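A short write-up of the structure that comes next.
Computed from a predicted model, the values in this text were never measured in an experiment.
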There are 4 protein chains.
Amino acid sequence: MSFAPHSDPSRGSERPLPASAAARATRERILDVAEALFAERGFAGASMREIAARAGLTAASLYNHFSGKDALYAAVLERGIRPLIDLMEGMSQKGHSPEAVDALICAVMHHLGRRPHLPRLVYHEAVAGGAHLARLAGQWVRPLVERGLDAMEHAPGSYWDEELRPLVISAWIHLVVGHFAMAPLLREVLGRDPFDPDMLELQTRFLRRLATLQQAGTDPSHLTDD
Amino acid sequence: MSFAPHSDPSRGSERPLPASAAARATRERILDVAEALFAERGFAGASMREIAARAGLTAASLYNHFSGKDALYAAVLERGIRPLIDLMEGMSQKGHSPEAVDALICAVMHHLGRRPHLPRLVYHEAVAGGAHLARLAGQWVRPLVERGLDAMEHAPGSYWDEELRPLVISAWIHLVVGHFAMAPLLREVLGRDPFDPDMLELQTRFLRRLATLQQAGTDPSHLTDD
Amino acid sequence: MSFAPHSDPSRGSERPLPASAAARATRERILDVAEALFAERGFAGASMREIAARAGLTAASLYNHFSGKDALYAAVLERGIRPLIDLMEGMSQKGHSPEAVDALICAVMHHLGRRPHLPRLVYHEAVAGGAHLARLAGQWVRPLVERGLDAMEHAPGSYWDEELRPLVISAWIHLVVGHFAMAPLLREVLGRDPFDPDMLELQTRFLRRLATLQQAGTDPSHLTDD
Amino acid sequence: MSFAPHSDPSRGSERPLPASAAARATRERILDVAEALFAERGFAGASMREIAARAGLTAASLYNHFSGKDALYAAVLERGIRPLIDLMEGMSQKGHSPEAVDALICAVMHHLGRRPHLPRLVYHEAVAGGAHLARLAGQWVRPLVERGLDAMEHAPGSYWDEELRPLVISAWIHLVVGHFAMAPLLREVLGRDPFDPDMLELQTRFLRRLATLQQAGTDPSHLTDD
DNA sequence: GATGAATGAGGATTCATTCAT
DNA sequence: AATGAATGAATCCTCATTCAT
């Protein structure tokens, strides 16, 4: 039930001090179970008591690490999304060549596949329009959109009209994140788990081919796969 | 295009006889506000009290119309999705010609645009993997997927490998439903409301062109819009 | 443990509608026990649970009658102090003759003797400087002070300098209300209960004599200051 | 005639050895803020955490100085009241002449004016009838009452019947301590702070004149009762 | 069909307190 | 002497639900 911490202690925005190693471990454990439960039930549906229980604590103890439910939720979001932001920032320096786009798709898919709860978390927030949506949008999604628009603008001869481009970006988000966020539904309908390495590889292939197809729209002379 | 009680008396799952007209009206009012609130806050976040209040009632009165929160939620889901099922069933008799697909896209977009809360409702359920997901998947999504696979199979020369096809269908769902479900996020990021007639028309245009593009993948000789 | 309701239904500021007789009775019962407990422990020390238990209810049921702890406290204060305000307003029309003052003392003492918790309630609030103090001061104490100053001003030849007069009023409040509010201390020290009819009569006698003494000061033939 | 324990080192109730100077300073700091907070909110309303915070400590650290909340409260009470006890004992050796009474009033007023929280503390305890009331009454108030009764008895021709005398003493307490204890209310009603030097001087003048007036009653030439 | 009153369960959070560090 | 982490009990309050009216 607990996924790899992936913590980046050099960036601890909440508790700057190193604290004890045990305390940091507890904190990560809380964040792990909270991420899972928030993803499963949404903010309102997840209870501090159950988060605590799953982390092997009492509800009261949570308050030694986070000042409240909201702060815990924010920390979960922060920890989950930060790597994506970093990913994108690193990417923006590598230009928008087809290879770079291809690499970005692979990297994002890989990251999301490793943190299975994050997409659902984001979707819960996105669908509900909760209090943290603004920050989520501003810090993560908007930069991504702008980068994407930039890339399309600088592409030699884009297939898409300028007014359609935002929707293209939006579509890419739906496709990339949605695949994981809707995992419960897809499991039910397709009978296969989107997190299965097979499915993961398949979806990656699908997305890359889609990217190819899109670029082919400009010059559709060479449609090849892998 | 008519949403009212679906005129199928043999299916009344909740209350056998609709009783008085006033009662039916109250019931619809409850369903309306419940749909909105469930979409906004998810199942756990929506309270019977607030639903009742928005419907001009007391919480106790809700129980004269629905046996409990779960039943109310089920009824909301049922009422919202039924027309989509009907839509698809009607469609299946018209073949899978590009024109038919085009018409389906238009029809679905139109329906979802009219019932703004439904997609978020579905997404909440899909992301959370709640108790009603199985029925939702079985009655609505699976038929849709099968129909889609069927169509792709019978297409002259499909661009997509057989193993990718389920993902293509899944992608279409992400694109079509996601546009509305993620409305809060899109509003935040794009600064425009997905339900605006302009945006609605734009997204429809985008999807149709995508369909064209996909088919063009087979024979990409004629990429035209509208 | 429960004292006479003394409720004045013609003035119900909280629940204008008559409600059921049983409901009104419950409400009064809650107010009775809340008055006692707030007096005993102060606002912070009294718990909703215990108030409910003493009233034969569950804590949740309290919220059917009062919107929260604050509202309950306010209602207790209102119900207890309203008669005093009325008393004073009635008094103000009878002039400030020694007989009137004498009657006022008797009436106030009688009322406070009947509602033994009220003075402690007021003292808790006055000493703590709580949120309701402003209203308490404005509605009850300030009018009383102004009436008193008025009376002293119109007295033929007052013994007290103008600047001392507010302190005289303040002193009267200390004496009248304090006798009851400090009941626990007095019981401990004097070994007698301030609410004993004997003590009550004694204190009344003391106060009346004090009033006489004060008015006798009007003829300051042999009084010196400093 | 001596009640107080008083300078009996064998009774060191809290901490046998004051330990380091720094520790003693911390202890005093804690007592200071605790006195203020207990006065402001009463025993139940004051939290260890906030006391600690105001003292620049963590709640856990309080337990290095006091064994618990009760002990802390007791220590605050003890520290505040001890000087009053001493004051009174010193007084008892100077007889009951009008000058002595006058000096006592001045001394007590001066002390209370210097320790603004003490009266409210005492009133909270007196009104609530808490666990420490007995000691407070026995050590401080009862001696005072007995001294007062003694004085009145030995006065040449007292104006007050024997049965009224306890109430006279009680009244004096109300007047002297109440002026400070009810500071929040008086501020609200009179618009002036009882601790202002002006007000302090005024109240002292008022009390001394009252004492004069009372002694003047000794010659009851024109005073009638009932 | 609507409602006010009642309730048990549970919500988040704070409490005083302990203990290893 | 100070503290961070942990906790059981208690805080106020909301929840969905029932039932007599």
**Prompt:** With D/E35, which residues qualify under salt bridge (charged side-chain N to carboxylate O under 4.0 Å, His left out), at least two apart?
**Reply:** D/R79, D/R115
**Asked** Which residues pass the side-chain contact (heavy atoms from CB on, under 4.5 Å) test with C/A44, sequence neighbours left out?
**Response** none
**Request:** Ignoring backbone atoms, test whether C/H65 places a side-chain nitrogen or oxygen under 4.0 Å from the OP1 or OP2 oxygen of E/dG4.
**Result:** no
**Prompt:** Would you say B/R120 and B/F38 make side-chain contact, with heavy atoms under 4.5 Å?
**Reply:** no
**Fill in**
salt bridge (charged side-chain N to carboxylate O under 4.0 Å, His left out) filter on C/E50, not counting sequence neighbours, yields C/R41, C/R54
**Asked** CG of D/L62 versus P of E/dA16: gap in Å, rounded?
**Response** 10 Å
**Message:** I want to check something: taking the side chain as every heavy atom from C-beta on, are A/I51 and A/L57 in contact at a cut-off of under 4.5 Å?
**Reply:** no
**Item:** Per B/N64 side chain, nearest of listed nucleotides E/dT7, F/dA6, E/dA2
**Value:** E/dA2
**Asked** What one-letter contact string describes nucleotides 15-21 of chain F from 5' to 3', where B marks a base within less than 4.0 Å of any protein heavy atom, S marks contact via sugar-phosphate atoms alone, and - marks no contact?
**Response** BSBBB--
**Message:** Quiz question: by atom type and distance under 3.5 Å, do the side chains of C/D70 and C/H132 form a donor-acceptor pair?
**Reply:** yes
**Request:** For D/T26, enumerate each residue passing the side-chain hydrogen bond (donor to acceptor under 3.5 Å, both in side chains) test, keeping only those at least two apart in sequence or located in another chain.
**Result:** D/R29
**Message:** What does the 5'-to-3' dot-bracket notation of DNA chain E look like when only Watson-Crick and G-U wobble pairs under 3.5 Å count, and pairs to other strands show as |?
**Reply:** .||||||||||||||||||||
**Request:** Mind telling me whether D/H124 and C/H124 have parallel, tilted or perpendicular rings, with 30° and 60° as the class edges?
**Result:** tilted
**Request:** Kindly say if B/T58 contacts the phosphate of E/dG4, meaning a side-chain N or O under 4.0 Å from OP1 or OP2.
**Result:** yes
**Complete:** Judged by nearest nucleotide, the residue sitting upstream toward the 5' end of DNA chain F, D/S61 or A/A22, is D/S61
